[in-house]
Protein chains: 2
Amino acid sequence: MVELSTTKDGTANQAEQSDRVLQILAEAARLFATKGYDGTSMRDIAVACGISKSLLYHHFSNKDEIYARVAVGSTLELYLFVRDRVPDGPPSQKIRAFMIATAEYFRRYRWAWIASTTAFWNDPDRHRQKERLTRRDRFENFLRGLIQEAIDAGEIRKLDVPMTGRLILSSLNWMHRWYNPNKTATPEQIADIFFDMVFNGLCNPDFGVPPTGEQPKPARRKRAGK
Amino acid sequence: MVELSTTKDGTANQAEQSDRVLQILAEAARLFATKGYDGTSMRDIAVACGISKSLLYHHFSNKDEIYARVAVGSTLELYLFVRDRVPDGPPSQKIRAFMIATAEYFRRYRWAWIASTTAFWNDPDRHRQKERLTRRDRFENFLRGLIQEAIDAGEIRKLDVPMTGRLILSSLNWMHRWYNPNKTATPEQIADIFFDMVFNGLCNPDFGVPPTGEQPKPARRKRAGK
DNA sequence: TTTTTCACCGACCGATCGGTCAAGCCCGCT
DNA sequence: AGCGGGCTTGACCGATCGGTCGGTGAAAAA
């Protein structure tokens, strides 16, 4: 049930949490993810935990802190989580590992992931907002580095790096809107399928140029060139 | 400013709206998109429009109806909008047109799009919720039909159709989280870039198999086969 | 045994929520 | 001038919001 703070205990700053705190964080994450921050009241959280509302304020100073612990606290180590799962090897395989690791993170911390990525980005707390953006940028820049590696190694085309990163992250970030944990495929398997599609492309290599070359807009078949 | 109900007037059910109603819908869409449904109060909408809160209830029966008009009313014709912009031609080009048309819709009805796609999906109104899902499914099934066409024509590989559709829609649906209208690229241009990336793939065709074939997991290079 | 600590609770607070209502304002019509 | 009817308003409602407060009971510390 509780899925928070499972980083190796060495990197984690908060060593042990009381069961109650973990329960509150887990229930709050689920509620924030399904009903949103403003749609979730402190009463909702208390009722979900089977405790009084006052007890929430005994363990947390206010609602924002609960959300911060859910969103920031559990997203704390996304970058480290993924980085540790990207092994040495061909850059394109590192991108694949990046995608699969991100999907694993999504599967493990699903509610907290949804709660933090669907939150509205005007956090009144400036410092926290800035820290969140810093973390996100570090994560995104890590992917961009991998893409640049793959380009330098000649494994992928000379594409716009930020745009390529956005495409890859889009496929992962939108997953929570349609993923059903009761279905067969795991997020990791889905990420692997997406990697294959994005890396190798949808087009059939046996099929050359479409019969009638309509709409001669931008790049269609010239795959290597800039 | 007002960006709602611009369908040709023939297809639209509501012919002319008072300026006030259009203003309310536009401001409400912007607020719902930036602060969420629960984060937006009727006072917020009234203040944004420079009118009294009571006036909102003169034009709309309640908050839900305003949201419904923003989300459902303006998303009403996404399927028709896109369908009318997908011309005859090679199936892969129809997919490209689908993506660009969807991006155009996003650009035109940006706030309403964001408000409706970021809403939490437990609509208390059963009928409306069902209608929304029906619309979304019709839109998604349209894309799946195009993908199946492209497979049958041999233009794209024999991939899992629903999964391929999800990848394409992810690239478009996540755009609102990072798109900046002040930047140079239009959504349509971005969609075009994404189509190129997804259709032709990231991989460099000049580059064969990576030097060391690590991780012999699923499909890596066999592009035509099932 | 006495004292301190701490998880925990019921009652309550001011503010704000969505929503109502009776009454004014404004403007064209007769 | 008189009048009817939409547009518009401020005052107000009960409910719920996030948050506070004084206290209870049991275990740990003394």
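Reminder, nothing fancy here: chain letters follow the sequence lines and each chain counts from 1.
Going from atom CG of Asp64(B) over to atom P of dC17(C) covers 16 Å, rounded to whole Å. Between Leu56(B) atom CG and dC21(C) atom C1' there is a gap of 16 Å when expressed in whole angstrom units. The interatomic distance linking Met42(A) (CE) with dA11(C) (P) rounds to 20 Å, in whole Å. dC17(C) atom P lies 10 Å from atom CG of Asp38(A), rounded to whole Å. Atom pair Ile51(A):CD1 and dC8(C):C1' shows a separation of 9 Å (rounding to whole Å applied). Look at CD1 on Ile66(B): it is 14 Å from P on dC17(C), rounded to the nearest Å. Counting to the nearest Å, the C1' atom of dC7(D) and the CD atom of Gln23(B) are 14 Å from each other. Taking atom NZ of Lys35(A) as the reference point, atom C1' of dC17(D) lies 13 Å away to the nearest angstrom.
Considering only heavy atoms from C-beta on, Asp160(A) stays 4.5 Å or farther from Ile193(B) through its side chain.
Smallest separation of non-hydrogen atoms from Phe32(B) and Ile45(B): CZ-CD1, 4.2 Å.
Between Tyr105(A) and Phe81(A), the ring center distance clears the sub-6.0 Å criterion.
Salt-bridge check for Asp44(B) with Arg30(B): failed, with every basic side-chain N at 4.0 Å or more from each acidic carboxylate O.
Between Leu172(A) atom CG and Phe106(A) atom CZ the span is 10.0 Å, to the nearest 0.5 Å.
Contact annotation for Arg43(A): base contact, defined as any heavy-atom pair under 4.0 Å involving a base atom.
Among dG19(C), dG18(D), dC6(C), the nucleotide with an atom closest to any side-chain atom of Tyr57(A) is dG18(D). The side chain of Leu55(A) has dC9(C) as its nearest neighbour among dC9(C), dG19(D), dT9(D).
Using a 4.0 Å cut-off, some side-chain N or O of Ser41(B) falls inside it from OP1 or OP2 of dC17(C).
Taking for each of Ser52(A) and Lys63(B) the nucleotide of DNA chain C with the nearest heavy atom, the 5'-most of the two is the partner of Ser52(A). For the pair His58(A) and Lys53(A), both in contact range of DNA chain C, the more 5′-proximal nearest nucleotide belongs to His58(A).
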